[in-house]
Amino acid sequence: MKHTVTAKDVAKLAGVSQSSVSRVFFEGAKVSEKTRAKIIAAAEELGYRPNEFARSLITNRTKIIGIVMKGVQNPFYPQVLKQFAAAFKKKGYSILFVHTNNDEIEAEDVETLLNYNVAGVIITDAVMALTVGEEFKKNKIPVVFFNRKLNSEEFYSVSCNNLDAGRKVAEYFFDKGVSEMAYIAGNADTSTSRDRQKGFQEVLKQKKARYRHYSSDYTYNGGFKTAMHMVAEGDLPSAIFVANDIMALGVLDALKANSIGVPGQTKVIGFDNIEMAAWPAYQLTTWEQPIDKMVHATVTYLLEEIAEYTGAAETFEVDGRLIERSTT
């Protein structure tokens, strides 16, 4: 069996104490340059890798970022997870993925994050009770809500400028000569869907245009069933704005199943610009969320707070852009 190289082995080869080895591999620990050089040389010779878990027992913090996610069935979030993993890997951090089954983070989810001594937490499509938030604050663990705009000023949040996006989509439809539109909402308790709808409605009210609202749930099946219901009503609007892409793909398939031409009989715009939106079978016009910029803002904030915790809170919004394809 292969022997696992320990700090004790490195100390013996370098001719120093084991505590000196430990200090070298902990950020901020003081040790002379001569001793440091001897320890590094010995560690390289032996192939020593410091134990991250052991490190966490001393510092009470790992180089692990917890990401809490509910909507894994929505292709937007796996794209986000992939970018976060790559961005943090460059900074020497690993990702602890926590899938929550409910809209609100559960006690066991929080316990998992605290047990792993995470350095920071990103919450994507879930909400968090204030008592839970206090638990993170007490432990000086920075939290970011991603793709969420909070009513509270207690935590940092990063999102697309959904309000402006809704306005721009409505204006785009009007420029296309459309005056009768519908909006298919996602989950009613999410800021993303509410803001997209609010911006969309503002422009329609100003133009005194006919408008319909449908409620769905951010899933493909939700979009498909809603579109089938719209078709059954017998009065299909000239344009449909859908709160996210995966629902919009369901809408397109429902329209296709009923031999309704897009964009001839009705136009469709989604939101997110997931990879599937560009597939030849869909070619969906959509509002692109600037994931790169959103991820960068989140990573920057977390690393700054990990270095020096302040608990600073801000609502950070990034502008997206319309990607035109064949559904309009």
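- Between the side chains of T112 and D109, no donor N or O sits under 3.5 Å from an acceptor N or O.
- Counting heavy atoms from C-beta on, the side chains of N244 and F76 never come closer than 4.5 Å.
- Identified under the ring-ring contact (aromatic ring centres under 6.0 Å, His included) test for residues 224-265, with sequence neighbours left out: Y183-F241, F200-F241.
- In this structure, H99 and F97 have parallel ring planes: the angle between them is below the 30° cut-off, well short of the 60° mark.
- E308 CD to K140 NZ: the interatomic distance, rounded to the nearest 0.5 Å, is 10.0 Å.
- If you check the side chains of D245 and Y282, you find no donor sitting under 3.5 Å from an acceptor.
- Side-chain atoms of E305 and T310 form a donor-acceptor pair, as typed in the model, at a separation below 3.5 Å.
- Side-chain contact between Y214 and I240: absent, with no pair of heavy atoms (C-beta onward) separated by less than 4.5 Å.
- With hydrophobic clusters built from ILVMFWY side chains whose heavy atoms lie under 4.5 angstrom apart, V299 shares a cluster with M69.
- A side-chain donor from one of R325 and N273 sits under 3.5 Å from a side-chain acceptor of the other.
- Partners of D217 under the side-chain contact (heavy atoms from CB on, under 4.5 Å) rule, at least two apart in sequence or in another chain, are N187, T219.
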side-chain contact (heavy atoms from CB on, under 4.5 Å) between I123 and F155, worked out: CA-CA 11 Å; I123 300 171; F155 295 96; over 6 Å; no
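- The minimum heavy-atom distance linking S215 with T226 is given by the pair O-OG1, 4.1 Å.
- Summarising the geometry of V10 relative to A43, their closest heavy-atom pair is CG1-N, 4.0 Å, with the distance given to 0.1 Å.
- Donor-acceptor pairing under 3.5 Å is lacking for the side chains of T285 and Y172.
- Residues T192 and R148 meet the side-chain proximity criterion, which asks for heavy atoms closer than 4.5 Å.
- In the displayed structure, R212 atom CZ is contacted under 6.0 Å by more than 12 heavy atoms of other residues, nucleotides or ligands.
- In the displayed structure, K225 atom NZ is contacted under 6.0 Å by at most 12 heavy atoms of other residues, nucleotides or ligands.
- Contacts of T300 classified as side-chain contact (heavy atoms from CB on, under 4.5 Å), with partners at least two apart in sequence or in another chain: H296, E304.
- Looking at heavy atoms from C-beta onward, L204 lies in side-chain contact with F174 at the 4.5 angstrom threshold.
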Where do I67 and F146 land on the side-chain contact (heavy atoms from CB on, under 4.5 Å) test, with the steps shown first? CA-CA 10 Å; I67 296 186; F146 184 88; over 6 Å; no
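- For the pair K63 and F88, the cation does not sit on the ring face, since its NZ or CZ is not both under 6.0 Å from the ring centre and inside 45° of the axis.
- With a 4.5 Å cut-off on side-chain heavy atoms, V121 and V98 do not count as touching.
- Rounding to the nearest 0.5 Å gives a distance of 12.5 Å between CG of N147 and CD1 of I122.
- The environment of Q265 atom CD is dense: over 12 non-hydrogen atoms of other residues, nucleotides or ligands sit within 6.0 angstrom.
- Within the 4.5 Å cutoff, no side-chain heavy atoms of I274 are placed close to those of T286.
- Of the inter-residue distances, the one linking K267 atom NZ with K176 atom NZ reads 6.0 Å to the nearest 0.5 angstrom.
- Hydrophobic clustering (ILVMFWY, side-chain heavy atoms < 4.5 Å, transitive): L284 and I246 are in one cluster.
- Taking 4.5 Å as the limit, some side-chain heavy atom of I184 sits within range of a side-chain heavy atom of M230.
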Apply the test side-chain contact (heavy atoms from CB on, under 4.5 Å) to residues V169 and F271: give CA-CA distance (whole Å), side-chain angles for both, the deciding distance (0.1 Å), then the verdict. CA-CA 10 Å; V169 169; F271 204 108; 5.6 Å; no
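- With respect to the salt-bridge test (charged N to carboxylate O, under 4.0 angstrom), the residues D235 and R210 qualify.
- Nearest heavy atoms, P142 versus Y309: N-CE1, 3.9 Å.
- The two residues G223 and S216 have their closest heavy-atom pair at N-OG, 3.7 Å.
- Salt bridge status for K168 with E171: absent, with no side-chain N to carboxylate O gap under 4.0 Å.
- Between S193 and Y218 there is a side-chain heavy-atom pair separated by less than 4.5 Å.
- Remark: side-chain polar atoms of Q283 are paired, donor with acceptor, to backbone N or O of A278 under 3.5 angstrom.
- Ring-centre distance between Y301 and F316: not below the 6.0 Å cut-off.
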